[in-house]
Amino acid sequence: VEPYLPYEYTCEGMLERVHAYIQNQDFCVPESPFIPANFSRLGSASGSRVIGPLFVPLPNSMALGWASNVTALTAWPPLSSLRLLVSQEGQSCVEACQSSGFICEPAHFRFINNKEALRGLEVQCEVVDSEINHILPAFSVMRQECSLQREPLLFSCAGHSPKYRRLCPCRDFLRGQEEFKELEVLKVHSLNSDVQLFFSMTDLGLPPLTSIWPGLPY
């Protein structure tokens, strides 16, 4: 049996991720705040008025995406990759996202844990409360009860309940590099099946690639 090494675990795949992380994250800048659970399109936490819904239907999809006319908060993966879906009863967000060709992105839970997400999905809620449970945010169709997550540390893609349908923060991804969104522009190209990386290792304070792995075609 021939051994199989997924591309994202190869040297080239690892370097692509390092490059993406360096270019798209700034650990010196405070993380974007959580969107309040009672957030609505009538206003935002800063007092500025928001025109239109926060989430909008995507063409040829049952998912909702982040509205293009709403300023996207700083996040990685970017909010443009967000695909808001509802799971079936007893289904986890991992399964719900996979069934639509996406993956669950736990970093995006903080952007969908609010009433605006419920409104965008047209969920009928007689009661909206805030609880501590690993399956939240979720809602019960039978009882028309909606619950939002009170403890951010409990956001989970894996949780499921036979009585609740979950709000799931899915995202698209690049096959072979799940850390990247599908339409992300990477500074790489393929030549004779060898990926050439266009960033200088000296920018990272590292020696040239050829001195680390002499056999690489760089």
Side-chain angles (χ1 to χ4, degrees), residues 31-45 50 52-68 70 72-173 178-179 181-182:
E31 189 176 42
S32 298
F34 283 81
I35 298 178
N38 61 355
F39 178 90
S40 73
R41 63 190 179 94
L42 299 179
S44 67
V50 178
L54 196 61
F55 303 96
V56 296
L58 296 172
N60 304 318
S61 175
M62 297 181 62
L64 301 181
W66 190 267
S68 60
V70 177
L73 300 174
T74 302
W76 178 259
L79 280 175
S80 59
S81 67
L82 174 61
R83 302 292 182 264
L84 177 57
L85 286 174
V86 175
S87 75
Q88 297 298 320
E89 293 175 342
Q91 188 180 44
S92 70
C93 283
V94 172
E95 298 167 332
C97 294
Q98 286 180 346
S99 65
S100 296
F102 304 125
I103 60 174
C104 182
E105 178 49 66
H108 284 165
F109 267 113
R110 59 196 178 111
F111 300 111
I112 68 167
N113 187 50
N114 50 69
K115 293 181 179 179
E116 186 66 17
L118 293 168
R119 183 181 295 109
L121 293 168
E122 299 182 353
V123 178
Q124 301 299 318
C125 303
E126 290 188 359
V127 177
V128 179
D129 57 14
S130 178
E131 300 179 10
I132 297 178
N133 193 304
H134 70 289
I135 68 168
L136 304 180
F139 63 94
S140 169
V141 176
M142 182 177 297
R143 292 181 292 182
Q144 293 190 336
E145 293 179 355
C146 301
S147 299
L148 300 176
Q149 180 64 260
R150 188 190 306 173
E151 176 49 72
L153 294 177
L154 288 184
F155 283 138
S156 169
C157 289
H160 59 86
S161 168
K163 298 180 180 179
Y164 285 87
R165 299 182 67 181
R166 301 192 60 194
L167 275 63
C168 298
C170 310
R171 68 170 172 86
D172 56 9
F173 64 97
E178 292 190 359
E179 292 299 317
K181 64 188 293 286
E182 185 175 9

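Residue numbers start at 1 and run along the sequence shown.
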For a side chain to side chain contact (heavy atoms under 4.5 Å, CB included) check, start with the C-alpha distance between Ile132 and Arg150, then their side-chain angles and the critical distance, and finish with the verdict. CA-CA 5 Å; Ile132 297 178; Arg150 188 190 306 173; 3.9 Å; yes
Leu79 vs His108, side chain to side chain contact (heavy atoms under 4.5 Å, CB included): CA-CA, chis, key distance, verdict: CA-CA 8 Å; Leu79 280 175; His108 284 165; 4.1 Å; yes
Check step by step if side chain to side chain contact (heavy atoms under 4.5 Å, CB included) holds for Ser140 and Glu89. CA-CA 9 Å; Ser140 169; Glu89 293 175 342; 5.9 Å; no
Step by step, work out the side chain to side chain contact (heavy atoms under 4.5 Å, CB included) result for Phe55 and Asn114. CA-CA 11 Å; Phe55 303 96; Asn114 50 69; 4.1 Å; yes
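In this structure, the side chains of Leu64 and Arg83 stay at 4.5 Å or more apart for every pair of heavy atoms. A heavy-atom distance below 4.5 Å is not found between the side chains of Val56 and Trp66. Side-chain atoms of Arg110 and Pro152, non-hydrogen and from C-beta on, never get closer than 4.5 Å to each other. Contact annotation: the side chain of Cys146 never approaches that of Gln124 to less than 4.5 Å [non-hydrogen atoms, C-beta and beyond]. No side-chain heavy atom of Glu105 sits less than 4.5 Å from a side-chain heavy atom of Leu82. The shortest distance between side-chain heavy atoms of Leu84 and Leu121 falls below 4.5 Å.
Distance CD/Gln149 to OG/Ser130: 7.5 Å, rounded to 0.5 Å.
Of the possible donor and acceptor atoms, one in the side chain of Glu151 sits under 3.5 Å from a partner among the backbone N and O of Leu153. When atom types are taken as modelled, the side chain of Asn113 and the backbone of Leu148 share no donor-acceptor pair closer than 3.5 angstrom.
Taking Asp129 as the reference, Ser147 meet the side chain to side chain donor-acceptor pair (under 3.5 Å) condition, with sequence neighbours excluded.
Of all heavy-atom pairs between Lys115 and Val128, the closest is CE-CG1, 4.0 Å.
Between Phe155 and Phe109, the ring planes are parallel. Angles under 30° get that label, and only those over 60° would be called perpendicular.
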Residues 161-170 side chain polar contacts: donor-acceptor under 3.5 Å, at least two apart:
unit_1, atom_1, unit_2, atom_2, d
Ser161, OG, Lys163, N, 3.3
Tyr164, OH, Arg143, NH2, 2.9
Arg165, NE, Ser87, O, 2.8
Arg166, NE, Ile135, O, 2.8
Arg166, NH1, Ser156, O, 2.9
Arg166, NH1, Gly159, O, 2.7
Arg166, NH2, Ser156, O, 2.5

Listing, residues 92-100 side-chain donor-acceptor contacts under 3.5 Å, not counting sequence neighbours, or none:
unit_1, atom_1, unit_2, atom_2, d
Ser92, OG, Val94, N, 3.4
Ser92, OG, Glu95, N, 3.2
Glu95, OE1, Ser92, N, 3.1
Ser99, OG, Glu95, O, 3.4
Ser99, OG, Ala96, O, 2.7

